[in-house]
There are 2 protein chains.
Amino acid sequence: MARTRTRDEILAVAAELFYRAGFKGTSLQDIAAEVGCSKATLLYHFDSKEAILAALLAPAARELAELDEQLAGLQGEAARAAAIDGFVDLVLRYRREAGLIYHGSLDVLLTPAFDGVQPMIENLCSAFAARSTDPGEQIAAEVLLAGICSVAIDRPDDVTLRSALIAVAKRALLTPRSKD
Amino acid sequence: MARTRTRDEILAVAAELFYRAGFKGTSLQDIAAEVGCSKATLLYHFDSKEAILAALLAPAARELAELDEQLAGLQGEAARAAAIDGFVDLVLRYRREAGLIYHGSLDVLLTPAFDGVQPMIENLCSAFAARSTDPGEQIAAEVLLAGICSVAIDRPDDVTLRSALIAVAKRALLTPRSKD
DNA sequence: TCACTTCCTGACCGATCGGCCAGCTTCTGA
DNA sequence: TCAGAAGCTGGCCGATCGGTCAGGAAGTGA
């Protein structure tokens, strides 16, 4: 049973700073100053700066893995619809983490904390594209994935944002293309 | 008349490294090593690391300003159509720079190099939304802007990519909404 | 009370960072 | 030919970085 809330505060502050200033652009001292403790305190609670990042991402990655599992058995439009709903909800629950993925530099993606995430994002993309191999559909899926992550951060109104995100995704991805 | 191509090489290498590793994650020594010169050579050609970033962004920012001007007199669907075409073409011409905007950390946006860019992006967003103040339309516009920037980098095939980006943007943004 | 655990910290470390500077080399045009 | 400009560099600087460590304070339960 933790006796203090310092660990949680570190994570909350780090999430904000990593998002704003980037992982590399945020120093341990930055985090410590914001929390109101020493740098050594951060390193008492976490092994390293990357361990902070990993701990930050763990809950979101866990839920992404669950979504990944749900989608694994689905094909075509069923996969797409489930992916859109699931992903939008996930992004709304983990706004900073999602922003880190798409607003963070690519070097963050190379850290061990992201090891399992990349394949799941690719699976998600495949589901967004209804398992199509058509380049146009794949590109559309990627646009929507990236776009949803990018705009989720700054809008406080979950209800409007959620319905708008789902609506735009469906318009972009669900429009009948049987005439192509 | 420049006697060497060193300055251009610095810019090309910096564009790639800033994109991959972020501005803060790329050191002057990283750039110098890749170019094959000394760090001091970089600083002979550019006043500072940020001056490199500014020089990098200048051409893209110039063209963005031109697009901004073209769009200024347009309303509604005309604004939207012109914005989509213009922006997609701009992004395809400046893939790394566009990636820097959306794949870079927010602290890059706070540098003087980006001073004039932010308002233009907002204008572009307004044009994508056909000047609508409806939150759903604004959100859709932002999703598409971010998404287009995010996927432009890694696809070599301009023709397929261009038509796909324009198509997804129009589907997402142009679908009749008179039934709402 | 006291041994142990948890929590925290100042001081320190070696490495890296952006940038400066004196000086050398190469090129150019009068 | 030569003065000046352009181009480049090794060595250096102060600042910052992630991380280490010995030690102190607070809490806990026997």
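In what follows, every heavy atom counts, from backbone to side chain, and hydrogens, waters and symmetry copies are set aside. Sequence lines set the chain letters: A, B, ... in the order given, protein chains first and strands last, and positions in each chain run from 1.
Under 4.0 angstrom from either OP1 or OP2 of dC8(D) there lies no side-chain N or O belonging to Thr41(B). Dashed line: the shortest gap from a side-chain N or O of Tyr44(B) to OP1 or OP2 of dG7(D) is under 4.0 Å.
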>> Within the 4.0 Å limit for protein heavy atoms, which parts of nucleotides 11-28 of chain D are touched? Write it as a string from 5' to 3', B for base, S for sugar-phosphate only, - for none.
In response: ------SBBBB-----S-

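Contacts of Thr4(B) with the nucleic acid, taken as non-hydrogen atoms under 4.0 Å apart, involve only primed sugar atoms and P, OP1 or OP2.
Straight-line distance from the CZ atom of Arg5(A) to the P atom of dC7(C): 13 Å, rounded to whole Å. Between the P atom of dC7(C) and the CZ atom of Phe46(A) lies a distance of 12 Å, rounded to the nearest Å. Rounded to whole Å, atom C1' of dC7(C) lies 11 Å from atom CD1 of Ile10(A). Atom-to-atom, NE2 of His45(B) to C1' of dA5(D) comes out at 13 Å; the value is rounded to the nearest Å.
Atom CD of Glu69(B) has 12 or fewer neighbouring heavy atoms from other residues, nucleotides or ligands inside a 6.0 Å radius. Atom CG of Asp8(A) sits in a crowded spot, with more than 12 heavy atoms from other residues, nucleotides or ligands closer than 6.0 Å.
Between Phe128(A) and Ile148(A) the shortest side-chain heavy-atom distance falls below 4.5 Å. Considering only heavy atoms from C-beta on, Val168(A) stays 4.5 Å or farther from Ile139(B) through its side chain.
In this structure, the side chain of Ser163(B) engages the main chain of Val159(B) through a donor-acceptor pair within 3.5 Å.
Remark: Arg93(A) pairs with Glu63(A) by the side chain to side chain donor-acceptor pair (under 3.5 Å) rule, at least two apart or across chains.
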